[in-house]
Amino acid sequence: MCVEDRISSFPDPILCHILSFLPIKEAVRTSIISTKWRYLFASISTIKFEGYSMSGLTDRNMDSFKNFVYRLLKSPDQVRLDCFRLSHEICSWNDGDHDFDISGWICAALCRGVKEIELQLSYLDDILPAVLFTCRSLVTLKLDAVGHKFKFPSDVCLGNLKTLHFRDSFFGDSIHRLISNCHVLEDLAFIECDFYNISKINIQIPSLKRLILDFDLGESGGLDYVVVINAPNLVYFQYTDVVAKGYTLSTMKSLEKAHITICGCDTIDSQTIATHLIQGICNVRSLHLTINEEIFRTSRLPIFHNLIEFKFLGRGFSGREIWLMEFLHRVAPNLETLTLNFSVAAGTQWKALEVPSCLSFHL
């Protein structure tokens, strides 16, 4: 019985779109299906070299692999790229003997009008081309660069970039030059990053909707910089760090959800400084708060009129139940959902506490 090959009858753009969801190795294997499929993989709009793509790679077939990548990226008749991704596995092969032209690959992707670039590479010195930071086609840029110290060129400008993520990297003052030249940025994340020789982290982006500042809680002492955030359209905010030198947050009228994880330090003003952080998010509707000591002065907190969901993770500290009741009583009159996530220590005095009105009328 002859079964009709209905998939092969699809137009080439649809077939290429389907192939874009496959690992590059599987996409290439479809070339043996028929004459129609032989060169389809070369027109896919998503190119990802991840762990599976690198499996089976040996010194013997290394030259063939490099030639394949070169042809795939630099052929002049290729369609525009939606996504180009390199994972950490490529680094294990990129030594003095093999010398992958990663900078050339990135330039080739940029020449094809790539919209999304994601690089997971260790120590990017001399790998990132300067043109990466002046590309008008980029909409998403994610750089996981272990230990890399970024220094951005003077002409940096990513006019159409909406998503910018950094992980495990170091930044000096030139980061402000990059941020200020991303005019439509909506999603900004610094994850496990660090800042050096800098007095202020200044994030002033009217278009920003999502901001993640997820730093190292293990750092001892306070931080030497002030955190300044002016993002009136922010919807989601995540902050993880020890107490900074100071916080200046503009009113975030659109804020829907905030995740705050913060540890104190030994300076006498740490409670006051930390309280400035929580004051800046008083319009939030959903708050997840993690603290390991009585770090916010409840007497100085504003009323959170919009807060309807509160999750509290209070790592063991003396009097946390009293602090929590004061917090709820003062700042959360309209609370509907309350989640407490911590082990109950011996001696916790819940029964002696007055139940806040928000738990009686709205919960």
Side-chain angles (χ1 to χ4, degrees), residues 140 161-166 176 179-180 182-191 193 200-215 217 223 225-244 246-263 271-291 295-314 323-324 326-341 356 358 362-363:
T140 298
L161 196 72
K162 293 186 177 181
T163 299
L164 178 61
H165 289 185
F166 291 102
H176 296 128
I179 292 175
S180 63
C182 296
H183 304 299
V184 296
L185 195 63
E186 297 180 357
D187 184 352
L188 176 63
F190 293 97
I191 302 172
C193 294
K200 181 188 298 183
I201 299 178
N202 194 358
I203 300 173
Q204 302 200 45
I205 310 174
S207 59
L208 199 64
K209 296 180 180 179
R210 180 180 174 88
L211 175 62
I212 297 177
L213 302 176
D214 187 352
F215 301 142
L217 282 173
L223 301 180
Y225 50 75
V226 175
V227 178
V228 178
I229 301 174
N230 185 0
N233 292 304
L234 203 66
V235 175
Y236 176 84
F237 178 45
Q238 179 180 335
Y239 183 85
T240 303
D241 208 347
V242 297
V243 177
Y247 299 96
T248 302
L249 277 65
S250 64
T251 302
M252 302 175 183
K253 295 182 179 180
S254 302
L255 196 62
E256 292 284 335
K257 180 175 288 189
H259 287 241
I260 306 296
T261 302
I262 189 167
C263 293
Q271 281 194 339
T272 300
I273 294 172
T275 302
H276 291 162
L277 171 65
I278 208 74
Q279 287 172 342
I281 61 170
C282 61
N283 290 305
V284 70
R285 293 174 58 84
S286 174
L287 174 61
H288 290 200
L289 179 63
T290 303
I291 57 177
I295 197 168
F296 301 117
R297 295 184 177 180
T298 56
S299 61
R300 297 189 179 183
L301 292 179
I303 298 176
F304 284 56
H305 291 286
N306 298 328
L307 189 65
I308 60 174
E309 178 186 8
F310 180 56
K311 181 175 182 179
F312 179 69
L313 176 57
W323 181 91
L324 177 60
E326 289 181 355
F327 180 90
L328 293 174
H329 179 73
R330 288 179 179 274
V331 309
N334 299 308
L335 200 63
E336 296 178 3
T337 301
L338 173 63
T339 303
L340 305 180
N341 188 355
C358 65
H362 300 287
L363 199 67

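The shown structure was predicted, so the numbers you read here are calculated from the model rather than taken from an experiment.
- Annotation: ring pair (Phe, Tyr, Trp, His ring centres under 6.0 Å) contacts of His288 (sequence neighbours excluded): His259.
- Screening residues 277-286 for side-chain hydrogen bond (donor to acceptor under 3.5 Å, both in side chains) gives Glu256-Arg285, Ser286-Glu309 as the qualifying pairs, with residues at least two apart or on separate chains.
- Contact between Ile273 and Gly246 at its shortest, heavy atoms only, is CG2-CA, 3.7 Å.
- Residues passing the salt bridge (Lys or Arg N to Asp or Glu O under 4.0 Å) test with Arg300, sequence neighbours excluded: none.
- In this structure the side chain of Thr240 never reaches within 4.5 angstrom of the side chain of Ile262, judged on heavy atoms.
- Every residue two or more places apart in sequence or in another chain was checked for a side-chain hydrogen bond (donor to acceptor under 3.5 Å, both in side chains) with Asn306, and none qualifies.
- Of all heavy-atom pairs between Gly280 and Leu249, the closest is CA-CB, 3.9 Å.
- Checked against side chain to side chain contact (heavy atoms under 4.5 Å, CB included), Ile303 has the following partners two or more places apart in sequence or in another chain: His305, Pro333.
- Under the 6.0 Å cut-off for aromatic ring centres, Phe310 and Phe304 do not qualify, their centroids lying 6.0 Å or more apart.
- Note that CZ of Phe312 is 8.5 Å distant from OG1 of Thr290, once rounded to the nearest 0.5 Å.
- The side chain to side chain contact (heavy atoms under 4.5 Å, CB included) test with Met252 singles out one residue from Asn233, Val284, Ile281, and that residue is Ile281.
- In this structure, Trp323 contributes its side chain and Phe296 its backbone to a donor-acceptor pair below 3.5 Å.
- The two residues Ile260 and Leu287 have their closest heavy-atom pair at CG1-CD1, 4.0 Å.
- Proximity of a side-chain donor or acceptor of Ser254 to a complementary backbone N or O of Val235 within less than 3.5 Å is not detected.
- Between Gln238 and Tyr236, some side-chain heavy-atom pair lies under the 4.5 Å cut-off.
- Looking at Leu301 and Arg330, their side chains never come closer than 4.5 Å, going by heavy atoms from C-beta outward.
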Trace of the side chain to side chain contact (heavy atoms under 4.5 Å, CB included) decision for Ile201 with Val226: CA-CA 6 Å; Ile201 299 178; Val226 175; over 6 Å; no
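- Put simply, CG on Leu363 and CG on Leu338 are 6.0 Å apart, with the number rounded to the nearest 0.5 Å.
- With hydrogens and angles left out, the side-chain atoms of Asn202 and Gln204 include a donor and acceptor closer than 3.5 Å.
- Shown here for Val331 and Pro302, the closest heavy-atom pair between the two residues is CG1-O, 3.3 Å.
- Judged as a side chain to side chain contact (heavy atoms under 4.5 Å, CB included), and not counting sequence neighbours, the contacts of Glu326 are Thr298, Ile322.
- If you take CG on Asn230 and CD1 on Ile203, they are separated by 11.0 Å, rounding to the nearest 0.5 Å.
- Nearest approach of His362 to Asn334, heavy atoms of both residues: NE2-OD1, 3.7 Å.
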From CA spacing to verdict: side chain to side chain contact (heavy atoms under 4.5 Å, CB included), Val227, Leu213: CA-CA 10 Å; Val227 178; Leu213 302 176; 4.3 Å; yes
Side chain to side chain contact (heavy atoms under 4.5 Å, CB included) between Lys311 and Asn341, intermediate numbers included: CA-CA 7 Å; Lys311 181 175 182 179; Asn341 188 355; 4.1 Å; yes
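- To the nearest 0.5 Å, atoms CZ (Phe166) and CG (Leu164) are separated by 4.0 Å.
- Within the model, atoms CD1 of Ile278 and CG of Leu289 stand 5.5 Å from one another, a figure rounded to the nearest 0.5 Å.
- Note that the CD1 atom of Ile179 and the CD1 atom of Ile205 stand 5.5 Å from one another [nearest 0.5 Å].
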Intermediate values then yes/no, side chain to side chain contact (heavy atoms under 4.5 Å, CB included), Ile191 and Ile212: CA-CA 7 Å; Ile191 302 172; Ile212 297 177; 4.3 Å; yes
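- Ring centroid separation for the pair Phe190 and Tyr239 does not come in under the 6.0 Å cut-off.
- Tested against Arg210 for a side chain to side chain contact (heavy atoms under 4.5 Å, CB included), the candidates Asp187, Leu185, Thr163 yield a single pass: Asp187.
- The nearest pair of heavy atoms linking Pro232 to Pro206 is CD-CA, 4.1 Å.
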